[in-house]
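Residues take their numbers from the sequence shown, with the count starting at 1. Order of appearance sets the numbers: ligands from 1, and atoms from 1 within every ligand.
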Amino acid sequence: MSTAEETPKAGESQTTDPELSALYRDIEAAGLRPLWTITEQLLTPTPRPRAVPWLWRASALRPLAERAIRLVPVERGGERRVLSLTNPGLGGRPYAAGTLWGALQCLGPRETAPAHRHTPGAIRFVTEGEGVWTTVDGDACDMRPGDLVLTPGGAWHDHANGGDGHMYWFDGLDLPMIEALDAVFFEQHPELRQPVAGEHNRSEREFLADGGAPAETMVAGAVRGPLDPEPSRLLVYRWAETDRRLTELAAASEEPLVSLEFTNPCSGASVLPTLSCGMHRLVPGGASRPVRRSGNRVYVAFRGSGHSVLDGRRFDWRPGDMFVVPSWAAEEHHSAEGADLFSLGDDPVLRALGVYREERLSAAQEITDVFR
Ligand code: 1HN
């Protein structure tokens, strides 16, 4: 008997040989799986994320958040008024992609989202409103549209709305990664709001106004340096500075898309050990070069409108829309009027582990489907 006939093909352990079928039965009963039947499922030539390219429109998110402000109080236990981007490929798990949490959070007038801490790290990117500050280990960080605010893993944090308006922001967390590592710890602070030490925006003053050389808070392109297990001690990255740097980059470049990544000013690493945050400016009429990368990304459209082609599917976006590019999906971005996109990625982890890959694609993708 030749080996070719006897060896079951990958993925099939059906056989008419009674001895062989007894072997498969006994293997299963012993709590084992024969690798030779599942090799091709496990060792895919390229990443096969279960998450699919997807977009959530502000026109859907925003009214639901407003209704939640009216109907659902922010309380202990629930902790946050947050609508999670739930990728339809993930079987109902509340994640934007296999490794990333993405969501819209909102607070009404004078509300406080109670103080707590947890091992997952988080970032906030403000889309709309004013009057809210996030207190991170005693440092109250004022939040305004376009600002990036960090709440590193392990830091006490609460959000307080001191104003009379509604406020909305994007939440990004590494929660699915920390969950996969079985390392989630969570603790409530004894008080609703942790004490604020001194004036607001302490970390910002320490880093940016100490009379020394201005710290490096962003770099063109992406951080490639070593992973820093310490999160950034600078907790806020202001839109005015981001905008200024993007304007400078765009003026010095012929490229249709310029990108910057926010950095930990102490080490030049990504803002959190697990998460990278970037801002991308498309010039009017600009189309980015098609690319695919390992690792997941969530984008938030901040300014301007446009569309992205993700694995051949066209997604149109406007300010406040959020979309996900799963690992290895081909992506390209277009904008007639010019646009700014915020991005959240898990690539610091892939880079640290030596498994990050990126491939420039030679031609624009053919659009085979349109997301409606
Ligand atoms: C969390 O603590 C916040 O602090 C937001 O604002 C979203 C999603 C999952 C787990 C914890 C916050 C979160 C979260």
Side-chain angles (χ1 to χ4, degrees), residues 51 56 61 64-65 68-69 72-87 90 92-108 110-129 131-145 147-162 166-194 196 203 231-232 235-236 271-272 274-275 277 296 298 300 322 324 342 344 346:
W56 294 263
L61 283 165
L64 293 169
I69 290 176
V72 185
V74 185
E75 290 173 333
R76 272 294 177 210
E79 302 290 304
R80 298 290 185 264
R81 191 190 289 113
V82 168
L83 298 173
S84 85
L85 308 179
T86 298
N87 192 294
L90 295 179
R93 283 168 25 112
Y95 300 143
T99 55
L100 296 175
W101 170 282
L104 181 67
Q105 180 162 178
C106 56
L107 276 181
R110 310 287 160 186
E111 286 184 324
T112 296
H116 66 208
R117 65 178 173 184
H118 38 67
T119 43
I123 63 92
R124 329 279 161 196
F125 179 74
V126 182
T127 51
E128 196 186 331
V132 170
W133 60 88
T134 290
T135 306
V136 185
D137 281 342
D139 184 7
C141 305
D142 294 321
M143 297 164 77
R144 287 181 290 270
D147 293 348
L148 168 66
V149 178
L150 310 180
T151 61
W156 291 112
H157 57 286
D158 54 81
H159 314 292
N161 188 348
H166 291 184
M167 185 127 179
Y168 302 86
W169 63 88
F170 168 77
D171 281 321
L173 283 91
D174 57 16
L175 175 59
M177 282 187 252
I178 305 303
E179 185 197 45
L181 295 167
D182 290 328
V184 173
F185 292 85
F186 169 79
E187 197 181 346
Q188 293 177 338
H189 195 276
E191 294 169 74
L192 187 69
R193 284 189 190 185
Q194 62 182 301
V196 173
S203 77
S232 170
L235 300 171
V236 196
V271 288
L272 298 186
T274 47
L275 298 174
C277 293
N296 298 302
V298 181
V300 181
M322 301 172 183
V324 60
F342 171 82
L344 171 75
D346 57 9

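A donor-acceptor pair is defined here as one N or O able to donate and one able to accept, closer than 3.5 Å; such a pair exists between the side chain of D158 and the backbone of Q194.
Side-chain contact of T151 with R124: a donor-acceptor pair under 3.5 Å is present, judged by distance alone.
Put simply, the side chain of F342 does not reach to within 4.5 Å of the side chain of V298, judged on heavy atoms.
Between L83 atom CG and W56 atom CH2 the span is 12.5 Å, to the nearest 0.5 Å. Taken from CG in L61 to CG in L85, the straight-line distance is 6.5 Å, to the nearest 0.5 Å.
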Note every protein N or O atom lying under 3.5 Å from an N or O atom of ligand 1, pairing the names and giving the distance.
unit_1	atom_1	unit_2	atom_2	d
ligand 1	2 (O)	H116	NE2	2.7
ligand 1	2 (O)	H118	NE2	2.7
ligand 1	2 (O)	H157	NE2	3.4
ligand 1	4 (O)	R80	NE	2.8
ligand 1	4 (O)	R80	NH2	3.1
ligand 1	4 (O)	H116	NE2	3.4
ligand 1	4 (O)	R124	NH2	3.2
ligand 1	4 (O)	H157	NE2	2.8
ligand 1	6 (O)	R80	NE	2.8
ligand 1	6 (O)	Q105	NE2	2.9
ligand 1	6 (O)	R124	NH1	3.0
ligand 1	6 (O)	H159	NE2	2.5

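Among residues two or more places apart in sequence or in another chain, the ring-ring contact (aromatic ring centres under 6.0 Å, His included) test is passed with H157 by H116, H118.
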